[in-house]
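Encoded as structure tokens, the structure appears first; notes follow it.
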Amino acid sequence: MVMIDHICIHNIQILYYMYTREERHNYIKEQLTKRSVLRVDDAARELGVTEATIRRDFTFLESQHALIRNHGSASPVSFNAIDVPVQRKALLHSEEKMRIARAAAELIEENDTIIITSGSTIESLAHVLKPKGYLNVITSSIRIGMILSEKENVNIFMLGGELVKNSLSVRDAYAIEGLKNVHATKLFFGCDGLDLEAGVTMAFIQEARMHNVMMGISSQHILLTDSSKLGKKGIGLICGVCDLDTIITDKNCAEDFVDKTLKCGVNVITV
């Protein structure tokens with residue numbers, strides 16, 4: 001009888017064992033070395049905690065650049081910037097991107113002439129912007145052109161060239177040719193990688209080159225990026241971080257990055 005009671009008590013101890021926060025984090029990171037996706041409900045079941053707890057764990061680990069938080073799941077971090085279809089990008093960090101977009105829209109002034117590139121965060125800007133007076137927009141993105149076509153008092157200038165299906169945008173020599181004899185007050189653009197040493201980068205050299213040309217014909221350079229891009233490096237260099245005028249990002253951005261960027265004279269807006 002004593003032996004049975006001991007076994008029962010032992011089993012209960014195992015059943016109700018509570019993982020510490022550090023143990024949960026280590027488990028999550030270990031699983032992401034074996035899986036391409038770890039779902040919130042799966043992790044909650046395996047660790048015996050609530051889904052809300054796992055979401056908080058995912059949020060914290062993402063702030064440490066240990067994973068990429070998606071809708072209802074997490075993915076492993078890749079420190080190399082990669083090209084992802086814009087439809088898929090739109091599902092990642094959607095709340096952060098919308099806050100960033102609203103902050104960016106506040107910077108648009110009456111009768112501005114702006115350049116808007118392609119990308120999911122930039123698309124969010126297209127959705128929320130409300131022209132003050134008339135607004136001239138130059139864009140390389142078909143999707144953004146379609147969004148803006150439904151707004152009043154917006155003149156849209158589309159760049160031409162070969163269509164890139166992943167982004168539904170153009171970025172070749174024909175697109176760059178269309179930027180000749182153009183000047184814009186502001187450039188709003190995104191990136192695939194953001195690093196103090198490597199700079200602002202893209203997954204493709206051609207796209208980085210076009211962004212670089214856009215910087216040359218615009219007065220203010222405003223980068224819109226969520227914190228998941230921090231620490232990643234793409235092959236195509238747009239510019240150094242200190243070459244920017246403004247970075248708009250989310251509150252999960254590392255404090256040391258913000259501090260060092262501010263010292264360069266770059267305005268950093270966290271939302």
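Residues take their numbers from the sequence shown, with the count starting at 1. Quick note: numbers below take in every heavy atom, side chains included, and nothing from hydrogens, waters or symmetry partners.
For the residue pair Thr117 and Ile122, the shortest heavy atom distance occurs at O-CG2, 3.2 Å. Pairing each heavy atom of Lys151 with each of Ala126, the nearest pair is CE-O, 2.8 Å. Nearest heavy atom pair, residue Ser218 against residue Leu187, reads OG-CB, 3.5 Å.
Inter-residue side-chain proximity for Ser118 and Glu207 is flagged as met; some heavy-atom pair is nearer than 4.5 Å. Between Tyr174 and Glu162, every side-chain heavy-atom pair lies at or beyond the 4.5 Å cut-off.
Lys97 and Ser120 share a donor-acceptor pair across their side chains, judged by distance under 3.5 Å alone. Looking at Thr59 and Arg56, their side chains never bring a donor and an acceptor atom within 3.5 Å of each other.
Remark: Asp195 does not engage Lys232 in a salt bridge, criterion side-chain N to carboxylate O under 4.0 Å. A salt bridge is defined here as a Lys NZ or Arg NE, NH1 or NH2 lying under 4.0 Å from an Asp or Glu carboxylate O, and Lys34 with Glu30 meets this definition. Salt-bridge check for Lys132 with Glu109: failed, with every basic side-chain N at 4.0 Å or more from each acidic carboxylate O.
Between the side chain of Asp172 and the backbone N or O of Ala175 there is at least one donor-acceptor pair closer than 3.5 Å.
Looking at Thr121, Thr139, Ile115, Leu224 one by one, the single match for side-chain contact (heavy atoms from CB on, under 4.5 Å) with Phe188 turns out to be Leu224.
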